[in-house]
K.L.:
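Here's a structure for you.
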Amino acid sequence: MTDLLRTALYDFHIANGGKMVPFAGYDMPVQYPLGVMKEHLHTRSSAGLFDVSHMGQVALTSSQGLEAVMLALETLVPVSVAGLKADRQRYGIFTNDDGGILDDLMIANTGDHLFLVVNAACKAQDIAHLRANLPDHVTVTEITDRALLALQGPKAEAALARIVPHVTSMRFMDSHRVSVDGAQWWISRSGYTGEDGFEISIPAEIAENVATQLVAMDEVELIGLGARDSLRLEAGLCLYGHDIDATTSPVEGNIAWAIQGIRRKGGAREGGFPGAARILAELEKGADKLRVGLLPQGRAPMREGTPLFATAESTDQIGAVTSGGFGPSVAGPIAMGYLPIDFAADGVEIFAELRGKRLPVTVAPMPFRPSTYKR
Amino acid sequence: MKFTEEHEWLRVEDDLVVVGITEHAAAQLGDVVFIELPDEGITVTKDEEVCVIESVKAASDILAPLDGEIVEVNTALVDDPSKVNEDAIGDAWFFKMKIDDLSVLDDFMDEAEYKALVG
């Protein structure tokens with residue numbers, strides 16, 4: 001077994017009873033003594049603190065200025081980067097030449113340069129991809145001396161405002177740099193739970209102190225990767241490598257909303273990203289399959305890989321579950337997966353095969369639980 | 001009460017063997033969210049998969065600890081799987097079996113032996 005990496009909060013997780021598991025090369029807490037179910041529900045009703053320091057933090061700067069970096073990044077992502085205002089962030093994807101997805105990420109405009117947050121499992125590949133494909137005037141810097149925390153839930157604002165009063169002025173997808181006691185906090189009002197909340201990049205050396213202050217507050221509990229997964233699943237958010245990957249296009253993945261009109265056919269900056277031919281065509285005509293929400297009609301959870309069929313008897317598999325489990329806030333099983341376009345409409349009944357039995361599943365809108373972003 | 005290496009407990013009540021999972025097993029599984037029980041009246045053989053138990057984390061099986069007939073199942077668990085986490089060795093029994101010879105229970109671990117197994 002190779003040595004697992006540790007975040008700046010490793011000792012803090014152990015001290016707080018975190019049950020550690022390998023995840024994307026890191027030793028990470030899958031749950032704390034509260035357990036996945038209560039951690040999930042606490043995040044929905046109050047506030048949950050997550051260590052997401054395993055994710056990649058990357059700065060893109062250019063000797064030619066911000067505009068040049070933005071246009072350069074547009075050669076690798078199909079979203080409008082140049083249209084991103086200062087102190088704002090948006091969701092993006094790296095695409096490949098086949099129109100598949102290499103990773104999904106957050107892109108923030110700091111007013112001076114771009115700040116990216118990428119998936120832990122993809123970060124080495126993403127950084128290599130950026131260095132290999134961006135022009136020489138762009139410098140790609142992996143930021144390794146900062147921790148990344150997420151504070152999520154309806155009471156996240158009240159909790160964080162005790163330390164950083166400025167956050168009450170932020171709205172969904174704002175990305176601000178705030179000086180707190182001499183330290184630079186990079187805060188965005190965003191997350192991966194469907195809740196209002198914040199993602200907070202802070203110097204690694206203050207991470208334990210900040211986490212300790214936050215969990216000392218009545219509203220805040222520590223939340224592990226287990227509940228992070230059930231929270232994002234209820235929110236209908238993709239997990240890279242499962243719900244989207246190098247073979248699925250953004251249109252198939254049902255994240256075409258991330259591609260602004262200016263990058264689509266007829267837009268001022270149409271195309272110019274890897275896989276544009278396929279993606280632009282699918283944006284016009286639709287794709288052959290689509291990622292959809294799936295609600296099992298019974299109580300049995302349907303997990304990744306569960307095959308899907310058109311009827312209770314048909315032998316030809318039409319799709320598969322890509323993420324699935326139990327939704328604590330929905331109080332029942334939920335899943336997502338790919339279906340041929342003819343089946344990909346809310347209310348359509350299909351069948352999943354579980355332990356040799358065909359069980360009915362209804363195609364359902366996502367999110368499974370309404371999101372509560374502060375727009 | 002007797003214990004299996006599969007982390008089940010066995011208790012004799014009215015000449016039937018009542019079967020559940022141990023507190024240790026429940027804690028390892030995490031929050032239980034789904035239980036599928038066998039049909040009453042079926043005959044099972046030792047180590048046959050008879051129940052499905054799913055937690056927020058994963059699915060696992062419960063194996064028949066003995067040859068015999070399933071004479072009663074605890075349908076209350078289907079409605080409220082969280083009983084397994086709350087009262088694993090009490091209310092949260094899974095099924096009752098009729099077996100030919102109750103003396104085979106002597107071969108299973110007692111509480112002290114089971115505790116030694118799970119540390």
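Quick caveat, the model's predicted, so the values are computed rather than measured. In what follows, every chain begins at residue 1, and chains take the letters A, B, ... in the order their sequences are listed.
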K.L.:
Hey, what do you get for CD (Q28(B)) to NZ (K19(A)), rounding to the nearest 0.5 Å?
P.N.:
5.5 Å

K.L.:
Can you tell me if I89(B) has over 12 outside heavy atoms packed within less than 6.0 Å of its CD1?
P.N.:
no

K.L.:
Do you know the tightest heavy-atom contact between V36(A) and D31(B)?
P.N.:
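Heavy atoms only, the tightest pair is N-OD2, 3.6 Å.
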
K.L.:
Would you indicate whether K155(A), at its atom NZ, is surrounded by more than 12 heavy atoms from other residues, nucleotides or ligands within a distance under 6.0 Å?
P.N.:
no

K.L.:
Would you say D79(B) has more than 12 foreign heavy atoms packed within less than 6.0 Å of its CG?
P.N.:
yes

K.L.:
Assess whether atom CG of D106(B) is packed by more than 12 heavy atoms of other residues, nucleotides or ligands within 6.0 Å.
P.N.:
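Yes, the 6.0 Å shell around CG holds more than 12 heavy atoms from other groups.
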
K.L.:
Around atom CG of D100(B), are there more than 12 heavy atoms of other residues, nucleotides or ligands at under 6.0 Å?
P.N.:
no

K.L.:
Taking the side chain as everything from C-beta on, heavy atoms only, tell me whether R299(A) gets closer than 4.5 Å to P81(B).
P.N.:
yes

K.L.:
Is it the backbone or the side chain of R303(A) that comes under 4.5 Å from a heavy atom of chain B, or both, or neither?
P.N.:
side chain

K.L.:
Does some side-chain heavy atom of R355(A) sit less than 4.5 Å from a side-chain heavy atom of E49(B)?
P.N.:
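They are not in side-chain contact.
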
K.L.:
Non-hydrogen atoms of chain A under 4.5 Å away: do they reach the side chain of S55(B), the backbone, both or neither?
P.N.:
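When you check distances to chain A, only backbone atoms of S55(B) fall under 4.5 Å.
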
K.L.:
Should we say atom CD of E13(B) is surrounded by more than 12 heavy atoms from elsewhere, each under 6.0 Å from it?
P.N.:
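For E13(B), atom CD is crowded (more than 12 foreign heavy atoms under 6.0 Å).
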
K.L.:
Please state whether the side chain, the backbone, both or neither of V78(B) comes within less than 4.5 Å of a heavy atom of chain A.
P.N.:
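Only the backbone of V78(B) comes within 4.5 Å of chain A.
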
K.L.:
So which of P301(A), A227(A), G327(A) has the largest heavy-atom pair count under 4.5 angstrom toward chain B?
P.N.:
P301(A)

